[in-house]
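Heads up: the structure comes next, in structure tokens.
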There are 2 protein chains.
Amino acid sequence: MVGQLAADSIERRSGVSLWRQIADKILHAIAIGDFAENAALPPEVALAERYGVNRHTVRSAIAALVQEGVLRAEQGRGTFVLSRKRLSYPIGARTRFSAGLQGQALERHTVLLASSVEPASHRVAEGLGLARGTDVIRLETRGEADGRPVSRAAGWFEARRFAGIDAAMVETGSITASLARFGIDDYLRQSTMLSARHADAADLADLDLQPGAIVLVTVAVNVTPDGQPIQFSESRFPAERVELKLSAL
Amino acid sequence: MVGQLAADSIERRSGVSLWRQIADKILHAIAIGDFAENAALPPEVALAERYGVNRHTVRSAIAALVQEGVLRAEQGRGTFVLSRKRLSYPIGARTRFSAGLQGQALERHTVLLASSVEPASHRVAEGLGLARGTDVIRLETRGEADGRPVSRAAGWFEARRFAGIDAAMVETGSITASLARFGIDDYLRQSTMLSARHADAADLADLDLQPGAIVLVTVAVNVTPDGQPIQFSESRFPAERVELKLSAL
DNA sequence: ACAGATTTGTACGTATGTATA
DNA sequence: GTATACATACGTACAAATCTG
């Protein structure tokens with residue numbers, strides 16, 4: 001189905017490039033409901049013919065919309081409208097993955113992607129209050145809600161104190177539960193730095209994103225209630241699927 | 001100056017597209033210091049000849065790097081390496097523009113871009129605890145640090161209570177100082193929602209960004225110490241120039 | 001102030017590669 | 001295997017913005 005993608009109002013030498021006009025037409029068509037979420041757009045050649053432009057001009061328009069997070073293009077399959085609903089991920093004094101998404105997703109869990117022991121880099125050492133080069137365990141995890149990846153995190157823990165936390169993570173599927181095995185019943189978020197950037201290749205793969213997607217990046221230190229640093233973490237959230245709700249920290 | 005942009009290792013039919021290989025070459029050249037911040041890259045035609053590819057292939061590589069926030073292309077002038085230093089903007093219980101950037105920029109100020117009176121939209125009314133449609137004053141401001149735009153914000157205030165706040169803003173150049181004229185000596189951040197997206201046309205113009213740039217978006221409500229909502233705001237920060245530091249909220 | 005050169009942006013055309021159905 | 005659909009790469013031409021003499 002093609003809907004109301006009329007070619008009439010495409011104007012040459014109007015000061016607005018053709019590809020931008022076509023991108024705006026597609027946006028409008030989506031806005032008025034001509035294309036539902038996850039619906040396929042007509043193929044590039046069909047759109048090109050419809051608008052009376054070259055296929056490359058349509059490609060420029062689609063590329064812009066992919067980049068803006070509106071469409072997803074899949075080689076050999078087609079171009080699809082992305083879903084726009086976002087989860088609201090709370091960040092505060094007690095930031096917990098599963099508890100935070102309660103009520104927003106039926107099923108939440110964390111999977112361990114990789115783990116390793118490595119010498120602490122400068123920023124990890126500083127965050128954990130260790131000497132640079134001290135052995136730390138790195139856990140790479142992915143958070144999923146209702147089957148969709150919503151976060152990708154690297155967490156660093158002092159290796160001597162938390163030996164075996166990787167195994168605990170595999171068993172329990174939860175950082176909080178794993179820490180409990182080491183006698184950590186409670187922990188607090190000490191500091192959080194927040195930035196945003198385009199997803200890199202690893203983000204694209206692990207979070208199932210399209211090139212050009214944006215990730216929100218938090219760098220945080222978790223401490224015990226008496227202020228002892230236990231975890232340094234860097235988390236990436238796909239901006240198209242998650243927004244962050246900052247609460248009392 | 002062209003530096004070490006050698007063409008030798010560009011490989012066809014290697015499984016990695018030519019434009020990506022060239023983009024990585026340019027990234028590497030920047031990383032090893034062949035191009036300083038703000039330095040101009042060789043023109044597209046020169047790069048194309050150097051690598052033995054078509055100009056469009058170089059353009060694809062440059063487009064990717066512009067999109068990743070590494071380069072800035074200016075029609076008629078050239079393509080330049082972007083600066084990578086970021087300001088750290090604190091967000092917490094007492095979030096103040098100028099005070100927050102103290103020590104990071106010599107000169108900070110806020111300019112009023114526009115102001116208007118309008119009926120409160122659903123989300124503004126909800127944030128301020130007003131009936132929908134109540135008149136509110138909207139102030140559009142831009143924050144600058146050392147001459148560079150670092151934020152663009154829309155703030156909404158109940159029109160009846162804060163009549164003339166636009167004039168106060170022009171005079172004082174500060175939201176905090178303007179609120180003081182209405183007897184608000186202190187105010188706190190009640191809630192903050194955080195997301196990220198690509199900059200729209202207005203962001204590009206007001207923040208002096210390139211298409212494809214990312215903005216961090218905060219939506220917040222400020223309240224008096226006794227909990228009365230006084231300001232609803234939506235702020236946009238260019239992610240390439242600003243990161244957010246979350247503190248006690 | 002103007003003309004010409006330089007440099008990026010847009011738009012077209014054509015061919016071939018790669019992934020999916 | 002064939003057809004479809006997006007991806008890459010080449011080529012050409014001209015427009016628009018900027019810089020230079």
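Order of the sequence lines fixes the chain letters, A, B, ..., with proteins taken first and strands second; residue numbering starts at 1 for each chain.
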Upstream residue (5' side of DNA chain C) when B/Gln210 and A/Val58 are each assigned their closest nucleotide: B/Gln210
Sugar-phosphate only, base, or nothing, as touched by B/Val45 at under 4.0 Å among non-hydrogen atoms: nothing
Sugar-phosphate, base or nothing in reach of B/Ile62, heavy atoms under 4.0 Å: nothing
Sugar-phosphate only, base, or nothing, as touched by B/Arg12 at under 4.0 Å among non-hydrogen atoms: sugar-phosphate
B/Glu44/B/Arg59 salt bridge by N-O under 4.0 Å criterion: yes
Worked verdict on B/His198 versus A/His198 for ring pair (Phe, Tyr, Trp, His ring centres under 6.0 Å): CA-CA 10 Å; B/His198 286 95; A/His198 286 97; 5.1 Å; yes
Note, B/Gln21 side chain near B/Ser14 side chain (heavy atom, < 4.5 Å): yes
Report each atom pair, protein N/O against N/O of nucleotides 2-4 of chain C, whose distance is under 3.5 angstrom.
none

B/Val66 side chain reached by B/Arg72 side chain, heavy atoms, under 4.5 Å: no
Which atom of A/Phe97 lies closest to which atom of A/Glu144, heavy atoms considered: CZ-N, 3.6 Å
Nucleotide D/dT8, atom P - distance to CD of B/Glu11 in whole Å: 18 Å
A/Asp200, A/Asp206, A/Asp203 screened by salt bridge (Lys or Arg N to Asp or Glu O under 4.0 Å) with A/Arg236, the one that passes: A/Asp203
Distance test, side-chain N/O of A/Asn54 to OP1/OP2 of C/dG13, below 4.0 Å: yes
For D/dG1, the Watson-Crick or wobble counterpart (both distances under 3.5 Å): none
Pairwise 5' ranking along DNA chain C for A/Thr57 and B/Arg13, keeping only the more 5' one: A/Thr57
Close side-chain approach of B/Arg197 to B/Leu216, heavy-atom, < 4.5 Å: no
Donor/acceptor link under 3.5 angstrom from A/His56 side chain onto base of D/dA9: yes
Short heteroatom pairs, N/O only, protein and nucleotides 17-21 of chain D, under 3.5 Å:
{"residue": "D/dC19", "atom": "OP1", "partner": "B/Arg77", "partner atom": "NH1", "Å": "2.9"}

Flag side-chain contact, heavy atom, 4.5 Å: A/Val150 against A/Arg142: no
Whole-Å gap separating C1' (D/dC10) and CD (B/Glu44): 16 Å
Backbone N/O of B/Glu107 and side chain of B/Asp146: donor-acceptor pair under 3.5 Å: yes
Sugar-phosphate, base or nothing in reach of B/Arg59, heavy atoms under 4.0 Å: base
Sugar-phosphate only, base, or nothing, as touched by B/Arg72 at under 4.0 Å among non-hydrogen atoms: nothing
N/O donor-acceptor pair, side chain A/Arg55 with base D/dA7, under 3.5 angstrom: yes
Rounded distance (Å) that lies between atom P of D/dC10 and atom OH of B/Tyr51: 14 Å
Separation of atom CD1 in B/Ile10 from atom P in D/dA9, rounded to whole Å: 10 Å
Non-neighbouring partners of B/Arg86 that pass salt bridge (charged side-chain N to carboxylate O under 4.0 Å, His left out), sequence neighbours left out: none
Atom-to-atom span, CD of B/Glu49 to C1' of D/dA9 - whole angstrom: 18 Å
Atom pair distance, as rounded to whole Å: CH2 in B/Trp19 and C1' in C/dG17: 15 Å
Sugar-phosphate only, base, or nothing, as touched by A/Ser60 at under 4.0 Å among non-hydrogen atoms: nothing
